[in-house]
Amino acid sequence: MSQETHTIRHLLDAYKTGTKSADIAAQYLDAIKNDTHGAFISVVDSDELLAQARGIDEARARGEDTGVLGGVPIALKDNICVKGGPVSAGSRILDQADGRFISPYDATVVTKLKAAGALILGKTNLDEFAMGSSNENSAFGAVKNPADPERVPGGSSGGSAAAVAANLCVAALGSDTGGSIRQPAAFTGTVGLKPTYGRVSRFGLIAFASSLDQIGPMTRTVEDAALMLNVLAGPCPHDMTSMDVPSEDWTQSLSRGVEGLKVGVPKEYFGPGVDGLSREVRASVQETLQRLESEGAQIQEVSLPHTKYAVATYYLLATAEASSNLARFDGVRYGHRAEARELQELYTKSRSEGFGPEVKRRIMLGTYVLSAGFYDAYYKKAQSVRTLITRDFENAFKAVDVILGPTTPNVAFRLGEKTDDPLQMYLEDIFTISCNLAGLPGISVPGPTSDLPIGIQILAPHFREDLVFQAASVIENGGRS
Amino acid sequence: MSIYDTWELVVGCEVHCQLATQSKIFSAAPTTFGAAPNSHVNEVDLGLPGVLPVLNKHAVELAVKAALALNCTLNMRSVFARKNYFYPDLPKGYQISQHDLPICEHGHLEVDVEDRAVRVGITRIHMEEDAGKSSHMSGAPFSLVDLNRAGVPLIEIVSEPDLRHPDEVIAYLKELRSIVMYLGVCDGNMQEGSFRCDANVSVRRRGETELGTRCELKNLNSFKFIKDAINYEMRRQIELIESGQKVVQQTRLYNPDKGVTFPMRDKEEAHDYRYFPEPDLPPLVLDEDWVSRLKEELVELPAAKRQRYQEELGLSAQDAAVLAADKPVADYFEAACEAPKWAKTTANWVIHEILREASADTIGDFALTPAHLAELVELIETKVISGKIAKDVLGYVLESGEMPAKIVETRGLRQVTDTGAIAAIVDQILADNPDKVEEFRAGKEALKGWFVGQVMKASKGKANPQAVNELLDQKLS
């Protein structure tokens with residue numbers, strides 16, 4: 001690496017002792033320009049960014065408060081809207097005759113980051129409309145895993161994960177609907193947090209599945225994730241699903257240790273139902289549990305009996321909501337509009353030309369799930385099973401404080417390895433998916449490994465991100481609190 | 001022999017009312033009618049990527065008021081749902097509406113039709129957003145879309161198929177419109193589309209219990225068109241059935257120039273809307289206390305006013321109906337009506353004089369205020385002036401704004417009731433016209449009017465007409 005690998009904490013300290021934001025910004029812009037991983041779709045104008053960074057330096061020199069993230073370079077997944085900037089959702093459907101669709105408004109998380117003084121570097125690559133587990137579904141090319149460029153970084157927030165892992169930004173935002181922050185974090189050896197549903201505003205996030213989506217931080221350390229959540233969390237007047245719950249300073253949870261913490265391990269995650277839980281992943285989890293126990297945690301088995309229905313439930317509900325959310329991409333008001341002589345042709349051509357195959361697959365599946373005669377058997381039934389899955393967690397949390405398991409069944413697979421079989425790809429999400437269905441907070445933190453990165457997942461009850469950070473902090477330090 | 005002897009008409013209505021809020025149901029954009037196209041839209045109304053709906057509380061308040069006024073059972077917990085279909089004036093590709101759990105159900109409205117009372121069931125009322133407007137220019141290779149209307153709050157009021165005659169349909173719709181205007185829920189403007197009536201029409205032979213196939217009549221923007229369209233449609237369906245054909249279920253529009261209904265061009269038959277609960281909006285939960293307060297605040301409705309005007313004020317049913325039809329007129333009348341015993345006179349003045357110069361829309365600002373009218377009525381009832389002079393006073397009030405009593409004094413319009421004074425004038429007239437007196441006594445009774453006129457002229461209109469008549473009767477006999 002040609003420049004120092006920064007964390008937010010590290011960088012803020014460096015700024016206090018004379019480092020200049022303009023220099024840091026220039027270094028990151030340079031690194032992005034030379035990136036070989038395909039992590040970014042668009043980068044901001046250098047002159048504007050450097051001018052902004054210089055402004056922060058000058059304010060700092062005058063003794064002004066430059067914000068809790070003042071001068072910290074952040075990348076955003078390209079399904080988050082920035083005012084005046086292009087947004088693609090990883091798709092060609094937002095291409096217009098005059099360039100890409102430019103958002104006229106800021107997402108709430110962007111407003112918050114800007115208010116905190118963050119420098120937004122650009123937009124990262126993603127599976128199209130956040131639909132995917134490998135970042136191979138992007139219309140802008142696949143992303144390579146910095147840990148091994150012949151392997152996928154995971155998805156759908158593959159670009160953000162790669163950018164953090166390859167030191168192309170200090171931190172990034174991703175979005176998580178079925179594991180799209182946590183799984184790429186696991187594959188790239190970074191930290192990825194999905195907050196409780198309703199903790200962070202979805203206003204300005206291009207919707208995939210409205211009842212499952214959440215924006216979250218992707219960082220190098222657990223502390224950085226806590227610093228980011230401090231800025232992102234809070235009820236939003238533009239999002240009626242955001243919850244009016246008190247925010248906290250989550251850095252307070254980091255040094256609590258795990259003495260007396262009850263850690264549940266779901267027996268279903270290690271049983272015969274789960275395809276292909278690899279030996280290395282299993283070993284990493286065991287080692288982590290031993291370390292936690294030696295730090296005073298109480299490990300016990302829990303049961304989540306409906307785990308085996310989670311993937312099917314997810315793919316019915318998420319695709320149903322997506323089929324509706326993506327109806328607005330019709331070529332009428334913005335985005336790609338095909339040549340057509342009448343209305344039906346306008347719709348079918350624009351959408352056929354603009355959407356990629358996985359997106360089309362899911363729209364068709366979702367439309368079918370909601371259709372007359374099938375709604376009860378599929379959509380309604382899946383919602384009922386969702387309640388059962390949520391209850392599994394409620395029951396488990398009566399006995400334990402947090403639930404621990406592997407984030408993924410295996411390490412990062414090779415590019416092209418799973419693209420022939422969509423169903424195989426869907427099974428990648430088996431450990432992460434229940435968390436979205438139940439709306440719980442979850443983190444992936446790097447666990448012990450002798451080779452490719454392995455992620456350990458911690459889940460906690462609704463709005464108990466403090467417990468997530470408490471446990472994750474200990475795991476990150478190799479079991480030392 | 002009427003067609004109704006052999007056939008029964010069955011009609012149910014779906015009425016879409018635009019709620020009179022400042023901003024849209026799910027966004028802060030304004031709702032005012034007539035703005036330049038696409039000027040009352042923001043990112044939410046345009047269905048841009050990443051936007052979310054935020055529910056307008058005032059819209060809920062107005063919907064609840066309508067529900068209470070129509071005797072519905074509120075669902076304290078109701079759910080918004082997406083109605084999915086593709087059309088250029090529907091920006092998100094779905095309309096946010098309510099499906100399985102609307103805000104209220106099971107209401108009713110009683111309306112009077114000529115000699116009978118008809119009770120119309122209200123199946124449900126639900127909240128939803130309006131779509132934009134499409135303009136199709138014939139011959140042009142394009143259509144135009146204006147999204148100003150997209151997102152305007154609506155309630156859809158669905159009636160049971162309880163209506164059996166076009167007059168019943170019109171009576172129901174008029175009463176419904178009156179009520180929503182009374183409540184301030186909707187401005188009732190049918191031309192601008194804030195009150196839109198669709199009618200589901202079917203027929204069956206008398207005695208049949210099964211409902212016939214129905215057609216939905218849409219885009220009927222006046223009560224006359226509704227009546228004519230239903231009449232035409234009833235005959236059309238009967239003719240089809242009598243000639244051995246079947247009525248095809250379809251949506252039809254009305255052509256007022258030709259007086260016929262015709263099938264709507266090309267809206268796809270039998271849409272599958274794939275309704276599912278709107279995941280971007282939590283269920284709407286109403287607070288009991290809030291609802292109770294709204295109930296208490298409900299203004300007295302037209303039906304209650306009509307009853308009260310008849311029972312307590314002694315007005316005729318017809319007059320009560322005219323006064324109660326529009327709230328501004330009822331408010332004006334009630335403010336002017338100082339004493340119940342004078343209610344009839346006040347009513348006559350409002351109906352026959354005031355409403356000649358002002359309408360329901362303008363009566364609130366009318367130069368002759370309720371205070372003016374109240375004083376005028378007092379002057380009439382206490383016989384200070386005659387009815388005829390009062391009409392002149394009305395004119396003077398409109399010119400000057402002065403109070404009637406002052407005008408009467410300054411212009412010396414007091415009625416002459418002193419029978420002695422009137423008798424003197426009568427005697428003078430009779431004395432001056434002996435030949436006419438002869439003719440009258442000989443049988444030309446019509447001359448009485450001429451004598452009255454002369455006495456009134458001589459008294460400059462101030463003689464009490466009743467006294468004049470009595471004295472003439474006396475002296476001419």
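The sequence lines fix the lettering, A, B, ..., with proteins before strands; numbering per chain opens at 1.
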When rounded to the nearest 0.5 Å, the distance separating CD of B/E43 from NE2 of A/H238 is 7.5 Å

Side chain proximity check, B/F86 to A/R351, heavy atoms < 4.5 angstrom: yes

Look up atom CG in B/L55 and atom CE in A/M240, then write down how far apart they are to the nearest 0.5 Å. 5.5 Å

The interface call for A/S323 against chain B, heavy-atom contacts under 4.5 Å, is neither

Flag for A/S371-B/D272: side-chain donor and acceptor within less than 3.5 Å: no

Test item: B/V51 and A/Y105 side chains (from C-beta on) under 4.5 Å apart, heavy atoms: yes

Within 6.0 angstrom of A/E339 CD, more than 12 heavy atoms from elsewhere: no

Residue selection (most heavy-atom pairs with chain A, distance under 4.5 Å) from B/G93, B/G50, B/G47, B/S27: B/G50

So OH of A/Y347 and OH of B/Y87: to nearest 0.5 Å the spacing works out to 8.0 Å

May I ask you to name which of A/A209, A/A372, A/S103 has the most heavy-atom pairs under 4.5 Å with chain B? A/A372

Between A/F329 and chain B, which part of the residue has a heavy atom less than 4.5 Å away: side chain, backbone, both or neither? side chain

In this structure, is the centre-to-centre distance between the rings of B/F276 and A/Y375 below 6.0 Å? no

Donor-acceptor side-chain pairing of A/R328 and B/Y94 below 3.5 angstrom: yes

With chain A, which of B/P88, B/P53, B/A28 has the greatest number of heavy-atom pairs at distances under 4.5 Å? B/P88

Please report the closest heavy-atom contact between A/T241 and B/L281, naming both atoms and the distance. CG2-N, 4.5 Å

Heavy atoms only: give me the nearest B/V54-A/P237 pair and the separation to one decimal. CG2-O, 3.3 Å

Any side-chain heavy atom of A/V369 within less than 4.5 Å of one from B/R274? no

Atom group of B/L147 that falls short of 4.5 Å from chain A, counting heavy atoms: side chain

Among the options A/A327, A/S324, A/P104, pick out the one with the most heavy-atom pairs lying under 4.5 Å from chain B. A/S324

Side chain, backbone, both or neither: which part of A/L205 has a heavy atom under 4.5 Å from chain B? backbone

Using heavy-atom distances under 4.5 Å, tell me whether A/R202 contacts chain B through its side chain, its backbone, both, or neither. both

Does the A/R333 side chain pair with the main chain of B/P91, one donor and one acceptor, at a distance under 3.5 Å? yes

Can you say whether B/F142 sits under 4.5 Å from chain A via the side chain, the backbone, both, or neither, judging by heavy atoms? neither

Closest heavy-atom contact between B/L46 and A/Y334? O-CE2, 4.1 Å

Does any backbone or side-chain atom of B/D280 lie under 4.5 Å from a heavy atom of chain A? Answer side chain, backbone, both or neither. both

Would the number of heavy atoms belonging to other residues, nucleotides or ligands and lying under 6.0 Å from CZ of B/R214 be above 12? no

B/R82 versus A/N325, side-chain donor and acceptor atoms under 3.5 Å: yes

Under 4.5 Å heavy-atom distance to chain B, tell me which part of A/A107 shows up: side chain, backbone, both or neither. neither

Any idea which heavy atoms bring B/P49 and A/C81 closest together, and the distance? O-SG, 3.8 Å

Could you look at A/L94 and say if it's the side chain, the backbone, both or neither that has a heavy atom under 4.5 Å from chain B? side chain

Is A/K360 atom NZ crowded by more than 12 heavy atoms from other residues, nucleotides or ligands, each under 6.0 Å away? yes

